[in-house]
Amino acid sequence: MTRRLVLGSLIAVGALSLAVTAQQPAPPMVVEIDKLKDNLFMLRGGGGNTAVFVQANGVTVVDTKNPGWGQPLLAKIREITNKPVTTIINTHTHGDHVSGNVDFAENVDVVTHVNTAANMKKMAAVTGIPNAPVNVFAQSGGRGLAKRTFTDTLTLGSGNDRVDLHYFGRGHTNGDAWVLFPALRVLHGGDIFAGKNVPLLDYNNGGSGVEIPDTLMKAYTATAKSVDSIITGHSTVMTPADLREYAEFNRDFLNAVREGKKAGKSAEEIAKSWTMPAKYEGYGTPQPARLQSNIENIYKEAR
Ligand SMILES: [Zn+2]
């Protein structure tokens with residue numbers, strides 16, 4: 001091959017990749033604001049639903065979205081208030097809920113369940129998701145990791161500014177925090193209540209398909225009287241009645257796997273024959289891979 005020919009090919013390849021780049025600009029990073037109360041907002045896009053709670057002297061933010069979304073999130077918070085963000089609460093360890101932490105000021109308090117604090121130091125691969133998550137905390141030298149943790153409950157602030165954190169047990173992970181704004185009667189459930197669908201059970205991060213029905217029912221029982229609306233991990237705002245139904249859905253799902261196992265069926269056979277019960281109206285059709293993964297893992301875990 002002549003030198004000229006090689007050079008010509010290189011230029012052609014270069015031009016081609018330029019053309020591809022020009023045709024596919026990065027999609028704009030859009031964060032959208034839903035006003036839930038005068039001082040509580042749900043910010044959608046770029047990962048899990050973020051709650052922004054404007055208090056007397058600062059702002060508490062629940063969940064901070066995917067890698068690279070901290071700045072767009074902060075810009076959107078600036079449209080709501082000029083008060084400084086003083087506290088971040090992460091509902092659990094997943095990259096689409098914690099990664100924006102690194103873009104907030106260094107003096108911001110970061111609060112999580114004790115197990116989530118440990119999980120965030122590792123950022124382990126998520127069960128059922130092939131690509132390992134980007135560990136933004138390794139890149140940031142630990143900036144954005146949890147500074148304060150809780151085991152069962154923790155109250156931050158008082159009066160209208162009060163925020164109650166609760167842990168009701170394992171489910172999506174082993175560190176799912178429920179965040180209650182008592183003065184506003186709003187609860188942020190994170191991904192243990194991501195929406196009306198078959199849950200992501202992240203066994204690598206301590207999740208449990210056997211325990212999730214009890215955990216959800218405990219959350220319902222403990223909060224139903226003090227809550228009107230629930231911010232879900234990835235869906236719309238729902239109600240305590242929706243949460244109770246979701247607990248029952250997960251109970252029925254667990255029972256279906258248990259009964260199949262008792263009848264001598266394999267996990268694969270159970271997955272093939274499972275269909276969404278008709279009473280769960282509006283529940284999404286599960287991705288086959290997630291359905292299979294959940295049934296295999298519950299099959300191993302269930303007695
Ligand atoms: Zn999650």
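In this text the structure is predicted, and so the values were computed from the model without any measurement. All ligand and atom numbering here is 1-based and tracks the order in the structure.
- Taking the six-membered ring for Trp and the full ring otherwise, the centers of His97 and His234 sit less than 6.0 Å from each other.
- Around the Zn ion (ligand 1), protein N, O or S atoms at less than 2.8 Å comprise His92 NE2, His94 ND1, His172 NE2, Asp191 OD2.
- For Thr173 and Asp176, the side-chain atoms include at least one donor-acceptor pair closer than 3.5 Å.
- Taking Tyr299 as the reference, nothing meets the ring-ring contact (aromatic ring centres under 6.0 Å, His included) condition, with sequence neighbours excluded.
- When the shell of 6.0 Å around CD of Glu269 is examined, it contains more than 12 heavy atoms from other residues, nucleotides or ligands.
- Aromatic ring centroids of Tyr167 and Phe150 lie 6.0 Å or more apart.
- Side-chain contact, His113 with His92: no donor N or O sits under 3.5 Å from an acceptor N or O.
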